[in-house]
2 protein chains.
Amino acid sequence: MNPTHEQLVAFVTTVEAGSFSAAARRLGKAQSLVSTHVANLELEFGFALFDRSKRLPVLTANGRRMLAEALSLLEQREHLLGVARRLDQRIEPRLRLAIDEFYPERLIGGLMDDFAARFPTVEVELHFPLLDDVGRMIDAGSADLGVMCRPSEPLATLETRPIGRVPLRLVCGRDHPLAAGGFEREDLKRYRQLIVATRGQRSSRQAERIAPDVWWVESHFVMLELVKHGVGWTLMSDHVIAASPARPELVTPIAPGLERWVELELGWHRQRGLGIAGGWLRDRLLAEALPDRWPPLER
Amino acid sequence: MNPTHEQLVAFVTTVEAGSFSAAARRLGKAQSLVSTHVANLELEFGFALFDRSKRLPVLTANGRRMLAEALSLLEQREHLLGVARRLDQRIEPRLRLAIDEFYPERLIGGLMDDFAARFPTVEVELHFPLLDDVGRMIDAGSADLGVMCRPSEPLATLETRPIGRVPLRLVCGRDHPLAAGGFEREDLKRYRQLIVATRGQRSSRQAERIAPDVWWVESHFVMLELVKHGVGWTLMSDHVIAASPARPELVTPIAPGLERWVELELGWHRQRGLGIAGGWLRDRLLAEALPDRWPPLER
DNA sequence: ACCTTCTATCTGGATTACAGATGGATTCCA
DNA sequence: TGGAATCCATCTGTAATCCAGATAGAAGGT
């Protein structure tokens with residue numbers, strides 16, 4: 001009986017993702033690889049981990065029991081890697097950042113300039129994921145450090161610190177009924193609301209909905225295009241609005257009684273830890289938290 | 001950074017065995033494989049685990065730190081395997097026993113007869129190791145269940161239960177000065193003592209020495225041949241004496257004040273556990289412990 | 001009924017794993 | 001001091017394994 005790390009990862013990721021195909025997408029592997037890894041694990045163990053009578057695999061009782069063991073083992077392994085990483089006196093060769101699009105880009109520029117000067121040998125990957133969750137990327141090992149919106153259900157494997165919040169403004173098209181302002185908060189419910197979210201995020205984003213009529217869109221830019229055309233209204237941060245090609249056709253009317261913001265936090269893997277360069281960047285990001293007061297948008 | 005299970009096993013076994021070559025022998029692998037596994041682990045970690053300036057590798061400070069992590073991880077993995085094994089309702093296909101030669105063979109015959117009837121599909125390996133330590137075999141995974149002498153430094157990874165003791169008799173050749181009997185205990189020190197032990201066991205067997213002049217021999221049978229020829233005397237159990245081709249030329253004089261015996265115990269891997277068949281045999285071996293009184297040797 | 005998505009199986013190419021041979025160095029013993 | 005034994009690192013060749021991608025069948029949703 002010799003289960004491999006990859007088999008255990010395939011098993012655990014299948015449970016978390018809900019299917020072999022979703023697990024494969026998350027891991028960046030072929031679906032057949034995940035399917036085969038789990039099947040081989042079941043052969044080695046001598047019992048089924050999943051019930052496959054329906055289209056989607058469902059954990060068996062034994063599977064639940066082994067899931068607990070596998071999670072524990074993978075956690076222990078991350079711990080070992082974390083210890084090794086801390087003992088490693090070298091600067092890591094690569095750092096992968098995942099930054100939610102709500103985080104203002106202008107804060108990153110100067111910081112990464114300093115980083116480049118200090119760590120010229122580190123290859124940086126800068127992701128602004130939307131189709132993936134930042135927290136899940138860190139958990140899965142495809143990102144080392146990330147800026148994310150505070151999740152409703154935080155992942156236990158992440159170490160997180162709050163770094164501030166970004167205020168959100170009401171945005172609509174010039175011809176939208178809300179464009180002139182002078183309306184009550186209740187009036188917002190009469191018009192369609194657009195919310196940015198990926199397929200897996202709808203449940204966690206339900207708290208953001210105000211209107212009963214909601215469209216979910218997987219792109220900030222596309223959504224603002226729709227807003228420009230009067231499809232509905234949304235709540236968006238200044239820097240995203242400023243960067244949109246639709247900017248000239250967008251208006252941000254005063255919404256009395258509507259103070260909304262996005263709480264952002266920095267996260268990294270608790271056990272895996274960070275290298276020297278990653279630790280430096282984390283400390284800088286924590287030190288330079290978001291400002292409390294925001295300048296008004298330039299016209 | 002993706003250390004494999006085999007790399008961690010090679011690392012840990014090298015520490016325990018004292019060298020890459022000894023680890024390779026213990027694992028039944030090529031020396032180059034162990035050497036390469038550890039070297040690759042060091043490349044991944046980014047620091048040396050061993051100091052190789054002398055002929056034998058010596059753990060570095062970082063290596064000691066990683067050893068603790070690796071042992072913990074391997075223990076956790078054994079735990080997972082143990083859980084899987086207990087959930088596995090099938091009878092295991094193979095059971096490997098390692099039995100110290102001090103354990104009387106005649107107690108095994110009937111027991112294994114019952115075992116064969118009850119578990120006809122289980123392939124049994126029966127080892128009577130001398131060049132290997134029973135406890136280490138279980139620890140390393142090359143034996144599932146074992147009968148061993150109580151070690152002076154028990155392995156923490158083993159679950160053990162005492163199963164009795166085997167009395168030892170003084171044995172010498174017919175022409176040896178001690179053959180006639182009628183001597184005091186102090187007289188034993190005047191003659192050479194022969195002790196069975198492998199290379200790694202001398203330190204743990206020091207407690208058995210009575211005479212200052214000791215020969216260490218790696219075979220019960222060879223040792224009794226030497227005793228027959230008057231090279232020295234030894235302490236041995238009845239059943240080993242009875243089975244020796246040298247038996248007719250050996251005598252067992254009464255040694256007043258010399259009560260010696262070997263404490264035997266049953267052991268298995270704490271985390272890895274045992275299957276259904278192995279569990280059955282363990283329970284039978286525990287239930288049928290060694291008798292307290294021994295019949296005299298037949299002439 | 002049709003489309004989308006999922007799973008299990010199969011194929012082929014690439015990569016990896018490992019045993020064994022070898023040379024150089026260290027250590028021990030006579 | 002010299003020879004033998006043992007150890008380690010490197011190299012080679014063979015075999016086995018790994019994985020992506022294609023495919024067919026089934027489940028589920030609209």
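Here is the naming used below: chain letters follow the sequence lines, and residue numbers restart at 1 for every chain. For the numbers below, each heavy atom of this structure counts, side chains included, while hydrogens, waters and symmetry mates do not.
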- Query: What residues, two or more places apart in sequence or in another chain, satisfy side chain to side chain donor-acceptor pair (under 3.5 Å) together with Ser53(B)?
  - Reply: Asp51(B)

- Task: Can you check each nucleotide of nucleotides 22-30 of chain D against protein heavy atoms at under 4.0 Å and return B for base, S for sugar-phosphate only, - for none, in 5' to 3' order?
- Result: -----BS--

- Item | Cationic N near anionic O, under 4.0 Å, Arg94(B) to Glu123(B) | no

- Message: Output the rounded distance in Å from CZ (Phe20(B)) to C1' (dT26(C)).
- Response: 15 Å

- Hey, what bend do you get for the helix from dA1(C)-dT30(D) to dA30(C)-dT1(D) if you fit axes on five pairs at each end, rounded to 10°? 40°

- Please list, chain by chain and in numerical order, all residues satisfying side chain to side chain donor-acceptor pair (under 3.5 Å) with Ser72(B), sequence neighbours excluded. Gln76(A)

Please list, for nucleotides 15-18 of chain C, all pairs of protein and nucleotide N/O atoms separated by less than 3.5 Å.
from    : atom 1 : to       : atom 2 : distance (Å)
dC18(C) : OP2    : His37(B) : NE2    : 3.4

- Query: Which heavy atom in Leu145(B) sits nearest to a heavy atom in Gly278(B), and how many Å separate them?
  - Reply: CD2-O, 4.0 Å

Please output the side-chain donor-acceptor pairs of residues 37-44 of chain B that fall under 3.5 Å, not counting sequence neighbours, one pair per line with the distance.
from     : atom 1 : to       : atom 2 : distance (Å)
Asn40(B) : ND2    : Thr36(B) : O      : 3.4
Glu42(B) : OE1    : Arg52(B) : NH1    : 3.1
Glu42(B) : OE1    : Arg52(B) : NH2    : 3.0
Glu42(B) : OE2    : Leu49(B) : N      : 2.7
Glu42(B) : OE2    : Phe50(B) : N      : 3.1
Glu42(B) : OE2    : Arg52(B) : NH1    : 3.0
Glu44(B) : OE1    : Asn2(B)  : N      : 2.8

- May I ask you to establish whether Arg192(A) and Trp215(A) are in a cation-pi arrangement, using a distance under 6.0 Å from NZ or CZ to the six-membered ring centre and at most 45° from the ring axis? yes

- Query: What heavy-atom pair brings Gly273(A) and Arg86(A) nearest, and what distance separates the two atoms?
  - Reply: CA-NH1, 4.5 Å

- Query: In whole Å, what is the span from the CZ atom of Phe50(B) to the C1' atom of dA9(D)?
  - Reply: 15 Å

- Note on the structure: Closest non-hydrogen contact found for Ile91(B) with Ala277(B) is CG2-CB, 4.1 Å

- Using a heavy-atom cut-off of under 4.0 Å over every strand shown, decide if Ser21(A) touches base, sugar-phosphate, or nothing. base

- Item | For atom CZ of Arg52(B) and atom C1' of dT10(D), their distance in whole Å | 13 Å

- Task: Rounded to the nearest angstrom, tell me the gap between atom CZ in Arg25(A) and atom P in dG21(D).
- Result: 15 Å

- Message: To check you understand the geometry: which heavy-atom pair defines the closest contact between Ala70(B) and Leu8(B), and what is its length?
- Response: CB-CD2, 4.2 Å

- Item | Donor-acceptor pair between His269(B) and Gln271(B) side chains, under 3.5 angstrom | no

- Heavy-atom pair with the smallest gap, counting every atom of Pro57(B) and Thr14(B): CG-CG2, 4.3 Å

